Amino acid sequence: MQVGFIGLGVMGRPMALRLATAGTPLVVWNRTPQRAEPLRAAGAEVAADPGEVFARAEVVLLMLADEAAVDAVLGRGTPGLAARVAGRTVVHMGTASPEYSRALEADVRAAGGRYVEAPVSGSRVPAEDGHLVAMLAGQPAAVEAVRPLLAPMCREAFACGPVPGALLMKLAVNIFLITQVTGLTEAFHFAERQGLDRRLFLDVLDAGPMASAVSRMKAPKLRERDFAVQAAALDVLKNNRLIAEAARKAGLASPLLDVCHTLFEETVARGHGGEDMVAVLRAIEARTAGAP
């Protein structure tokens, strides 16, 4: 079965490479053509435009930056939508609002296609290693048909019921991720400014019950002030906004997330949106310095 993959960004390219190297017959497209060259070298075919991907693939995976990009690729709101999705399965792997995904499913199904929501938990390194965790939602038959295709990219895949169950699950998981990394960063800042040995602090942390896969990935980046992107601060801010909006609509309090939201807004406003999420350290340092 020919599989399509559209969106070869920080996450999408390593995910697509996992599929290609596993032998999945793959046709890919990216708005910036140069990003598709490693896929070509890995044996994937590179389409000239999104329409060619849909014409050649039975299942198309989308890993795009935002809702506008998804709509543009699908031709949503135009007669082109039916031409692209009829008889095909659209797998939306990016993060969007639950309301958007619910409406997108309705449009895809009305146009004769199938729709699976499949956001993933993990950043660039787990994507490279095939250790992402997928959350799937949609009609059961469509979900079960898609699940085996995700195996080269994902360590686990969990069915989360109907749309938008998978996105709500992803947002819940991200509350823990965002607050955990922000807490680790604040703790590192405290230890450093108190004159403690940074490496010793991180060794103590790693030996204790607070150690985790996330802390072991982010601690070296903090120690070395390595802000090369694994999960961009701008994307974290986007996720934070989606969670906050979902919480407000449900009448839920999100006090820790709200603090993180402000800190990531400050990080992005200072020009660090393209850096890794540990760049929230810059906002904390600016507050310590009393910077406006």
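Values below: every heavy atom of this structure, side chains too, minus hydrogens, waters and symmetry copies. Computed from a predicted model, the values in this text were never measured in an experiment.
- Rounded to the nearest 0.5 Å, atoms CZ (Arg18) and CZ (Arg13) are 15.5 Å apart.
- Counting only distance, with no hydrogens or angles, the side chain of Lys170 and the backbone of Ala96 share no donor-acceptor pair below 3.5 Å.
- The residues Arg124 and Glu128 are annotated as salt-bridged, a charged nitrogen and a carboxylate oxygen being separated by less than 4.0 angstrom.
- Considering CZ of Arg270 and CD of Glu285, their distance stands at 10.5 Å, rounded to 0.5 Å.
- A distance-only check finds no donor-acceptor pair linking the side chain of Asp276 to the backbone of Ala232 [under 3.5 Å].
- Looking at Val46, Thr32, Asn30 one by one, the single match for side-chain contact (heavy atoms from CB on, under 4.5 Å) with Leu8 turns out to be Asn30.
- Using the six-membered ring where Trp is involved, His92 and Tyr115 have ring planes that are tilted, between 30° and 60° apart.
- Put simply, CD on Gln230 and CG on Asp235 are 13.0 Å apart, with the number rounded to the nearest 0.5 Å.
- A salt bridge does not link Glu105 with Arg102: none of the charged nitrogens is closer than 4.0 Å to a carboxylate oxygen.
- Contact between Val181 and Lys218 at its shortest, heavy atoms only, is CG2-CG, 4.3 Å.
- Closest approach of Leu64 and Val70 over heavy atoms only: CD1-CA, 3.8 Å.
- A side-chain donor-acceptor contact under 3.5 Å links Ser212 to the backbone of Val214.
- Follow the hydrophobic side-chain contacts under 4.5 Å out from Met169 and you never reach Leu177; the two are in separate clusters.
- Between atom CG of residue Asn239 and atom NE2 of residue His261 there is a gap of 11.0 Å, rounded to the nearest 0.5 Å.
- When all heavy atoms of Leu167 and Glu117 are compared, the pair lying nearest together is N-OE1, 3.1 Å.
- Under the side-chain contact (heavy atoms from CB on, under 4.5 Å) rule, Met153 has a single partner from Thr24, Leu61, Leu17, Val120, which is Leu61.
- Under the side-chain contact (heavy atoms from CB on, under 4.5 Å) test applied with Cys260, the options Ile175, Leu237, Ile178 reduce to a single match, Ile178.
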